[in-house]
Undergrad: 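Following this message is one structure expressed as structure tokens.
Keep in mind that what you see is a predicted model, and the values were worked out from it rather than measured.
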Protein chains: 2
Amino acid sequence: MAESGRATTRTRATLTDVAALADVSVGTASRALSGSGRMRPETRQRVLDAAQTLGFRPNQQAQSLHTGRSWTVGLMTTDGIGRFSTPVLLGAEDALGAGKISVLLCDTRGDLIREQHHLRNLMDRRVDGIIVTGRRTDPRPPLTGVHDDVPVVYALSPSTDPADISVVSDDHQGCGLAIDHLISTGRTRIAHVTGPAHHAAASDRARFTQEFLAEAGLELVLGKPHFGDWSEAWGRRSAQAVLRAAPDTDAFFCGNDQIARGVTDTLRESGIAVPDDIAVVGYDNWDTMALAARPPLTTIDVDLSEIGRIAALRLLDAIDDKPFPGVHSVPCRLVVRDSA
Amino acid sequence: MAESGRATTRTRATLTDVAALADVSVGTASRALSGSGRMRPETRQRVLDAAQTLGFRPNQQAQSLHTGRSWTVGLMTTDGIGRFSTPVLLGAEDALGAGKISVLLCDTRGDLIREQHHLRNLMDRRVDGIIVTGRRTDPRPPLTGVHDDVPVVYALSPSTDPADISVVSDDHQGCGLAIDHLISTGRTRIAHVTGPAHHAAASDRARFTQEFLAEAGLELVLGKPHFGDWSEAWGRRSAQAVLRAAPDTDAFFCGNDQIARGVTDTLRESGIAVPDDIAVVGYDNWDTMALAARPPLTTIDVDLSEIGRIAALRLLDAIDDKPFPGVHSVPCRLVVRDSA
DNA sequence: AGCAAATGCGCAAACGTTTTTCTTGCCGGA
DNA sequence: TCCGGCAAGAAAAACGTTTGCGCATTTGCT
């Protein structure tokens, strides 16, 4: 690489160098730097100075080899690093990086072979723990081949094994926020448009929505949720269909922001005022969608980075031999903008 | 973690264990497994069998400590892990993971303190190299404090130091694709709407666009590019302004897909047919935008994951002591959909 | 003054590999 | 018979730390 100017040292100083310069043994140097052990303040200072002048930084690999801790966790994301895993990942990285733990990124692209490959790699590197995250909220089978003493936390997609540690979004509470908001602003004829029924994120939210409505003595417009896909196009189409079949609808609660945006587009183009005539609530609080919609969407923020953060904290607990098994739910927040 | 069923071994087998089981010395065991050194085939087989039955996997930390290579590279992303860095990151991870190299993820959130913190961490971990990526295409100052023998590759945002290794998108060629396409489909009154003038991505593309038009004996509608921000709202507003001032405009070339989408929305709502009356070309090929627009956008694909891949390959070269300094441009692709 | 206790620090083992050097036994050739 | 050469594998050094143990030297107490 051999650029001239900006470099620091040509060969890195080792503890032996420091010890030599301070005229003590390596053991003493080590203790001086770690602050442990008893020694004359003057000696300690001499070591500190030596380390300073040599720009000494301990070799993590050597430390890890000795202590058995790598100060590293694996972050497996099962589908690319999409819109959902990214904030989770960042939340985790943030919480872990605050300590001296680094994150090894592994993307399996949903491929089991790749997952195994990465997993072996992580084991070989003696990671202290693993966080697994996926795009879907559907439960996933637990990782296989993880060594006993390496804890695993599942984020976003819980493990199918309830004895594992999982951190998920509280869809139930999220739907409650949305429905409460709509009802408290006087809406009673509420439609629910969402993604494919075979996605947990769609079917769960639909079920919760109906439960909350039932508690208020209401039921969905047309009696049932509208399953489709997560796209704007589906939002546009379903809005048309609902308007035709139930013109007195006064609110749409949508399974995600893209659908919600599609719905608002159809409404606007049909000359229906949002939220005056019909209110629209989205889900996810995906900025680019929610803010660009006309009007900007009132929506449920899933707080993905908080999920990542909690997952990291639970992992740290488990690494520290104080695991909290089970499913941990992270509450959502209602973000009120102009659409409801 | 103490689940019962799925585990493998309670304590991991070490090379010493393998050697003991095979009744050879550790040195011999090591050579048997690495395939180097001469020995009786029978002995080698005995070691292989022992390793197999014990499920032996070499401890990477120990290997690294000895060989001085960590088989690890740092991936520093300077602003969250946004829409731009993510594909770059994945491309890099893919190219590196193909070997046995793992990726350490560091997010600086644009904070210099954090950058230094992460950098020290990476140095302490003896990474073999570093890839730096940012959201903007503006050049960035080189990393400071990197040890001499650790190569760095800058992806997406080039380093201001031309002696560094940078991999960027070929904006010049990309603009050429767009303008060629528009001209070859008979457009001559082309407007350019883009982001803030102080973003290289905006000013560069604007300049290149004008150059290509000039080559064809044309110039921009209203004589100059329209700088604003990267939002749909700006796309909508500027489209209105352009239509008012230059009603004979027959094409919009936009600095990104969000602006392009805003433009198409305004056109559609003004009763102007896209692309029959006016063509629209975006930039970035951001699926969620380009596909959801009406009509779906013809746009320039920046091939971010290829940038990541190339960056990884250049880094491997440099790690291998065969660096190719300078700026490497990755060509864009024209994706033709329905808007032009 | 004399002895126990405390202090300061060096020595060496250990972590799990790889690699170099050294030992042993065997064979063939003079 | 003796020795050179060679093959197979053992032993040991090395990578850079941390840490238990023990040896001096100092301190404190009678």
Undergrad: First and last nucleotide of DNA chain C touching chain B, 5' to 3', heavy-atom cut-off 4.0 Å?
TA: dG16(C) to dT20(C)
Undergrad: Tell me what R69(A) touches on the nucleic acid: a base, only sugar-phosphate, or nothing, going by heavy atoms under 4.0 Å.
TA: nothing
Undergrad: Using the side chain to side chain contact (heavy atoms under 4.5 Å, CB included) rule, pick out the option among S159(A), P139(A), S157(A), P325(A) that qualifies with S166(A).
TA: S159(A)
Undergrad: Is D49(B) salt-bridged to R46(B), going by a charged N under 4.0 Å from an acidic O?
TA: no
Undergrad: With sequence neighbours excluded, tell me which residues meet salt bridge (Lys or Arg N to Asp or Glu O under 4.0 Å) with D320(B).
TA: none
Undergrad: For E93(A), is there an ion pair with R309(A) - N to carboxylate O distance below 4.0 angstrom?
TA: no
Undergrad: Have N59(B) and Q63(B) got a donor and an acceptor in their side chains that come within less than 3.5 Å?
TA: no
Undergrad: Anything under 3.5 Å between a donor and an acceptor, one on a side chain of residues 17-26 of chain A, the other on a protein residue two or more places apart or in another chain? List them.
TA:
unit_1 : atom_1 : unit_2 : atom_2 : d
D17(A) : OD2    : T14(A) : N      : 2.8
S25(A) : OG     : T28(A) : N      : 3.3
S25(A) : OG     : T28(A) : OG1    : 3.1

Undergrad: Using side chain to side chain contact (heavy atoms under 4.5 Å, CB included) as the criterion, point out the one residue from L75(A), L122(A), T78(A), V127(A) that pairs with C106(A).
TA: L122(A)
Undergrad: Would you name the heavy atoms of P142(B) and T160(B) that are closest together and state the gap between them?
TA: CD-OG1, 3.3 Å
Undergrad: Is it the case that more than 12 heavy atoms not belonging to R135(B) sit under 6.0 Å from its CZ atom?
TA: no
Undergrad: So which heavy atom on L15(B) is nearest to which on F56(B), and how close?
TA: N-CE1, 3.3 Å
Undergrad: How bent is the helix from dA1(C)-dT30(D) to dA30(C)-dT1(D), measuring the angle between the end axes built from five pairs each, rounded to 10°?
TA: 70°
Undergrad: Does a salt bridge link R120(A) with E115(A), judged by any charged N lying under 4.0 Å from a carboxylate O?
TA: no
Undergrad: Whether the T72(B) and R125(A) side chains hold a donor-acceptor pair (N or O, under 3.5 Å, no angle test) is what I'd like checked.
TA: yes
Undergrad: Write down the atom of A62(B), the atom of L65(A), and the distance for their closest heavy-atom approach.
TA: CB-CD1, 3.9 Å
Undergrad: Specify the residues of residues 23-51 of chain B, ordered by number, for which at least one heavy atom lies under 4.0 angstrom from an atom of DNA chain D.
TA: D23(B), V24(B), S25(B), T28(B), R31(B), R38(B), M39(B), R40(B), T43(B)
Undergrad: Below 4.0 angstrom, which residues in residues 61-68 of chain B have at least one non-hydrogen atom near DNA chain C?
TA: A62(B), Q63(B), H66(B)
Undergrad: Assign R57(B) to base, sugar-phosphate, or nothing according to its heavy-atom contacts below 4.0 angstrom with the strands shown.
TA: sugar-phosphate
